[in-house]
Amino acid sequence: MEQTKINDWVINVATVNGSGSQSSNNILIKSLFRMGIPVGGKNLFPSNIQGLPTWFTIRANPHGHTSRQVANDLTIAMNAQTVEKDMLSVKPGGVFLYNDDLKFNVAALRSDVRNIAVPFRSLVDQATDSVKLKKLLTNMIYVGIVAELIEIDSNVLTEVINDMFSSKPKGVESNMKSIEIGRTYAREHISGGFSLKARKMNENQGKILIEGNTAAALGMMYGGCTFIAWYPITPSSSLVENFIHYSEKYRKDANGKNTFAVVQAEDELASIAMVAGASWAGARAMTASSGPGLSLMAETAGLSYFAEVPCVLWDIQRVGPSTGLPTRVMQGDLLAAHYLSHGDTRHVLLLPGTTEECFEFGQTAFDLSERMQTFVTVLSDIDLGMNLFITKEFTYPTKPFDRGKVLNAEALAKMEKYQRYADVDGDGIPYRTLPGTRDPKAAFLTRGSGHNESAQYTEDNDSYVRLIDRLAKKYSSAKQHVPKPIVKNTEKAIVGIISYGSNDGAVEEARALLSDVGLKTNYLRIRALPFTEEVDEFLKKNERIYVVEQNRDGQMRTLLQSDYPQHWNKMSSVLHYDGLPIHAELIRTKISQKELN
């Protein structure tokens, strides 16, 4: 007898980009979320506008594990281009539900899965006579079929549709009609029971379902961002678009005028230069981009570092190099971002691993950039940035903005002499003034060429050494201000895992799988560079350490071995770089092969 799987399955919908399936898939995942079931959604889409294959995956798991799995329990095949590949994506004993209008070799259907053909064309004919609407409403029919088979609460489903289409009453009516057609078909024609079920839980109280880019946009708005210059690029565009959306609603003065500015520049070189200018003038300014844009920003990044002008960049990473795979995930920008620019530079990096941290780092990036007077890059990626994750409801930030060492006219009046680049406090961080400060001592020249403590141009070799050494000291001082890593130790464990960013969910699930076979692990998730003392302690504590990351060359391991050469031989890489999100089974397999064989 087929075993029923309750709230622990993977559903994959294979469609065509531009077919309108996004709304349908969101209805499914939001309904499951409102039923209190831990879920996550991943959208794998092409880099063109319309016509190429796209897949949306929903994973439910009662323990909250929602990272990618390689195989699906239910695949819904709506695309003739990929139907045979989609057939292979189903787990043995799973379900392959397909549009019977697709042209493919039916003899190739697998015998170890349940195959269900659905006449979507004739069903959608019952929903509408409009040729334009038929393509959209076909998607709603599979929503109805799935809802009936896995038993999604009908009241919840109706509530979600009403919310999503609240501004389009006719849309509610046509979608509900199509969903009911799908439900009726499933009841009357798909017999023999169904092994996947959704049952109400209470795991999502006080939580939301959100993408990382949306969370980051909210965090930046609350974090005091007043200026953005950007050039659209996948997958960072939605971050700025969401910032505009929320700021137009919440960032207006008493007269209804915007208290922020967003400029779409002609390219990434111009956008980061505008950010540097706005930051120099005292605004909390940032830009968002991806790998190609990061490469173009190298010169201004060096200026920000050397002239000590705060700048913030959100890099939503994708597969490189060059154009690469614009809609696939990779953590390949780590080294480039850390050393961005020619000459000796080491930039502060923030590495969010959850949507909650995307929100939190919206303010933290500005605080760090202004405190350290330097270039700060937040390295997210397309998986974290553009996919749906469950997180706790965000609370209004109460932490004051950290503007760093800024001298006002009152402070300057008490000073006999002001030197812009003097290390007064011994931490490498000088004091700055903002344009318009009413004191003759406030003025200074900002330059990217050699300069002394008084901001005067010089090519003196001793002055240069003092300057570049002070910048190194300042980078070291950042250790006191960056977010500390998350450390999870297990009693008697001697094997450690180090990772960062969107790998977190897969690593946590892999640790549970390893524990099931008797291998206990400790885990450190890095959230920022420079490394803090917790990293050194973790390296000392563990006998063997696996650094898990999504790039070919082991970039985080390279940085760790560079900073901690005494622990070089302890570290091994667990790498994944095919452009799909990393999964727990890969991590489990690679570590267990070395530890248990």
Side-chain angles (χ1 to χ4, degrees), residues 216 230-231 233-236 239 267-273 275-276 286-306 311-353 361 365 368-369 372 374-385 448 471-472 475 478 482 498-503 526-531 547-563 573 575-579 582:
W230 70 307
Y231 184 77
I233 183 173
T234 302
S236 70
L239 192 159
D267 54 34
E268 290 90 347
L269 289 88
S271 66
I272 191 61
V275 168
M286 63 79 64
T287 188
S289 194
S290 193
L294 176 78
S295 299
L296 292 171
M297 295 178 188
E299 186 173 5
T300 303
L303 174 65
S304 169
Y305 176 85
F306 197 60
C311 283
V312 171
L313 162 66
W314 277 74
D315 175 8
I316 315 301
Q317 297 171 93
R318 68 189 208 186
V319 172
S322 189
T323 303
L325 304 177
T327 59
R328 300 292 188 267
V329 65
M330 185 173 283
Q331 297 171 321
D333 296 354
L334 185 67
L335 287 175
H338 189 48
Y339 294 114
L340 192 64
S341 182
H342 55 279
D344 289 324
T345 52
R346 293 192 76 176
H347 297 298
V348 174
L349 302 182
L350 292 175
L351 306 169
F361 290 178
L368 278 171
S369 183
M372 306 310 300
T374 196
F375 195 88
V376 171
T377 298
V378 186
L379 284 179
S380 180
D381 61 48
I382 189 172
D383 184 17
L384 181 58
L471 292 174
Y475 174 79
V482 298
I498 293 178
S499 196
Y500 60 100
S502 63
N503 306 328
I526 296 170
R527 300 198 296 162
L529 266 67
F531 300 125
V547 185
V548 179
E549 49 189 320
Q550 296 189 73
N551 57 68
R552 183 195 68 184
D553 296 337
Q555 295 183 25
M556 181 60 79
R557 190 186 73 166
T558 297
L559 290 173
L560 287 165
Q561 290 177 328
S562 176
D563 279 20
S573 286
L575 304 176
H576 176 75
Y577 48 89
D578 67 358
I582 195 169

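What you are looking at is a predicted structure, and each value in this text was computed from that prediction instead of being measured.
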Problem set entry | Donor-acceptor contact present, side-chain Thr558 to main-chain Gly554, <3.5 Å | yes

Exercise. For the side chain of Ser271 and the backbone of Glu268, is there at least one donor-acceptor N/O pair under 3.5 Å apart?
Worked result: yes

Exercise. Minimum heavy-atom separation for Ile582 to His576, with atom names?
Worked result: CA-CD2, 3.5 Å

Exercise. Is there a donor-acceptor pair closer than 3.5 Å between any side-chain N or O of Arg318 and the backbone N or O of Gly324?
Worked result: no

Could you pull out every donor-acceptor pair under 3.5 Å between side chains of residues 294-306 and any protein atom, sequence neighbours left out?
unit_1: Ser295; atom_1: OG; unit_2: Gly291; atom_2: O; d: 3.3
unit_1: Ser304; atom_1: OG; unit_2: Val309; atom_2: O; d: 2.6
unit_1: Ser304; atom_1: OG; unit_2: Phe375; atom_2: N; d: 3.3

Seminar exercise, completed: Interatomic distance, CD@Gln561 vs CE@Met556, rounded to 0.5 Å, equals 12.5 Å

Exercise. Between the side chain of His347 and the main-chain N/O of Thr377, is any donor-acceptor distance below 3.5 Å?
Worked result: no

Exercise. Are any of the side-chain heavy atoms of Gln555 and Gln331 separated by less than 4.5 Å?
Worked result: no

Exercise. Which pair of non-hydrogen atoms, one from Thr234 and one from Thr327, has the smallest distance, and what is that distance?
Worked result: CG2-CG2, 4.0 Å

Exercise. With sequence neighbours excluded, what pairs up with Tyr475 under the ring pair (Phe, Tyr, Trp, His ring centres under 6.0 Å) test?
Worked result: His338

For this session: Verify the neighbour count for atom CG of Asp563: are there more than 12 heavy atoms of other residues, nucleotides or ligands below 6.0 Å?
Result: yes

Problem set entry | Minimum heavy-atom distance Pro235-Ser290, with the two atoms named | CD-OG, 3.5 Å

Problem set entry | Ile526 vs Ile498, side-chain contact (heavy atoms from CB on, under 4.5 Å): CA-CA, chis, key distance, verdict | CA-CA 7 Å; Ile526 296 170; Ile498 293 178; 3.6 Å; yes

Problem set entry | Within-4.5 Å side-chain heavy-atom neighbours: Leu340 and Thr345 | no

Exercise. Is there a side-chain contact between Arg527 and Tyr500, using heavy atoms and a 4.5 Å cut-off?
Worked result: no

For this session: Inspect the surroundings of OH in Tyr577 and state if more than 12 heavy atoms from other residues, nucleotides or ligands are less than 6.0 Å away.
Result: no

Exercise. Do Asn551 and Gln317 have side chains that get closer than 4.5 Å, going by heavy atoms?
Worked result: no

For this session: State whether the side chain of Thr374 and the backbone N or O of Ser369 hold a donor-acceptor pair below 3.5 Å, judged by distance alone.
Result: no

Exercise. Can you check side-chain contact (heavy atoms from CB on, under 4.5 Å) on Val482 and Leu368, steps first, answer last?
Worked result: CA-CA 7 Å; Val482 298; Leu368 278 171; 4.0 Å; yes

Exercise. Measuring from Leu471:CG to Met372:CE, what's the distance to the nearest 0.5 Å?
Worked result: 10.0 Å

Problem set entry | Chi angles and distances behind the side-chain contact (heavy atoms from CB on, under 4.5 Å) call for Val312, Val275 | CA-CA 8 Å; Val312 171; Val275 168; 6.0 Å; no

Exercise. Step by step, would you call Asp383 with Gln550 a side-chain hydrogen bond (donor to acceptor under 3.5 Å, both in side chains)?
Worked result: CA-CA 11 Å; Asp383 184 17; Gln550 296 189 73; 5.3 Å; no

Problem set entry | Side-chain heavy atoms of Leu334 within contact of Leu349, under 4.5 Å | yes

Exercise. Which atom pair, heavy atoms only, marks the closest approach of Ala365 to Val378?
Worked result: CB-CG2, 3.8 Å

Seminar exercise, completed: Separation between CG (Leu351) and CG (Leu384), nearest 0.5 Å, reads 11.0 Å

Problem set entry | Donor-acceptor contact below 3.5 Å, side chain Ser499 vs main chain Val548 | yes

Problem set entry | Minimum heavy-atom distance Ser322-Pro292, with the two atoms named | O-CG, 3.8 Å

Problem set entry | Heavy-atom check, side chain of Met286 versus side chain of Leu313, under 4.5 Å | no

Problem set entry | Criterion side-chain contact (heavy atoms from CB on, under 4.5 Å) on Val376 and Phe361, from CA distance to verdict | CA-CA 11 Å; Val376 171; Phe361 290 178; over 6 Å; no

Problem set entry | Minimal non-hydrogen separation, Val329 against Val319, with atom names | O-CG2, 3.4 Å

